[in-house]
Amino acid sequence: FMIEAAIGYDLASDLLKKQLVGKTFTRFGRKVSIAYVRCYGLGDGRLAVGVQFSGAVTGEGYLVGTPKFDASSNMLYVPDLNFDVGTSNALVQSIAWLKRDDVIKQLREVARFPLEEVLADTRAKVEQKINRELTEGVSLIATLHAGRVIDVAALERALVVRAEAVGTIGLKLNKELPKINKDKNPKITKPVNSR
């Protein structure tokens, strides 16, 4: 079975907030913290992450990148996440003392979305749609198991995860089937000729 899970950007932002808000970068005794995070799709396959900085540097920076799937951790991540040209030069220069590359590296490592719960919820919804009574006494029964993620895309409306699920599907009969005539030598009646 092919299944598709959509992660709305409100949910994606909440997941990122858990990972990033409160994250602190320290250098030369100065601290910069991440106070707020939100993410959204750019409509071209890339994800944008707005990060509000507080502490020694204040302001909002924007990072963009293309989401990928890490099969070993079952997580969605953005390996090429980097500051966007839309981020003001003043902010980028303000955090230069933090070693910009180190900040980006840490953000890439932390900005991850766990997918197991999302995929499990999607499998349950697909099962619920399949499992139904077709007609009186005849039901369609399906059980889906974990599969593998095939593709991840940042669309304008949501992050979309496409996966292949392995499972079983069958019919459940709750009524007696009509008996089959087991007579090996059925009687053949000859047609009556009428004149």
**Request:** Name all residues meeting the side chain to side chain donor-acceptor pair (under 3.5 Å) criterion together with Arg157; count only those two or more places apart in sequence or in a different chain, and write none if there are none.
**Result:** none

**Request:** Taking all non-hydrogen atoms of both residues into account, name the closest pair between Pro67 and Gly45 and its distance.
**Result:** CD-O, 3.5 Å

**Request:** Return the minimal non-hydrogen interatomic distance between Ser33 and Thr24, and the atom names on each side.
**Result:** OG-OG1, 3.0 Å

Roughly how far, to the nearest 0.5 Å, is the [atom2] atom of [Y] from the [atom1] atom of [X]?
X	Y	atom1	atom2	value
Phe69	Ile150	CZ	CD1	11.0 Å
Cys39	Lys17	SG	NZ	9.0 Å
Leu140	Lys129	CG	NZ	14.0 Å
Leu63	Asp84	CG	CG	8.0 Å
Ile7	Leu76	CD1	CG	6.0 Å

Verify the cluster assignment for [X] and [Y]: are they in a single hydrophobic cluster under the rule of side-chain heavy atoms below 4.5 Å apart?
X	Y	result
Leu47	Met75	no
Phe83	Leu16	yes
Phe25	Ile104	yes
Val37	Leu11	yes
Leu81	Leu155	no

**Prompt:** Ion pair present between Asp14 and Lys18, side-chain N to carboxylate O less than 4.0 angstrom?
**Reply:** no

**Message:** So for atom CG, which belongs to Asp80, do other residues, nucleotides or ligands contribute more than 12 heavy atoms lying within a distance under 6.0 Å?
**Reply:** yes

**Under 3.5 Å: donor-acceptor pair, side chain of Ser73, backbone of Ala71** = no

**Item:** Pro79 backbone acceptor or donor facing Arg108 side chain under 3.5 Å
**Value:** yes

**Flag side-chain contact, heavy atom, 4.5 Å: Leu107 against Ile34** = yes

**Request:** Please lay out, stage by stage, how Arg38 and Glu60 fare under the test salt bridge (Lys or Arg N to Asp or Glu O under 4.0 Å).
**Result:** CA-CA 11 Å; Arg38 64 187 172 92; Glu60 187 170 22; 3.5 Å; yes

**Contacts of type side chain to side chain contact (heavy atoms under 4.5 Å, CB included), residue Ser139, not counting sequence neighbours** = Glu133, Ile141, Lys172, Asn174

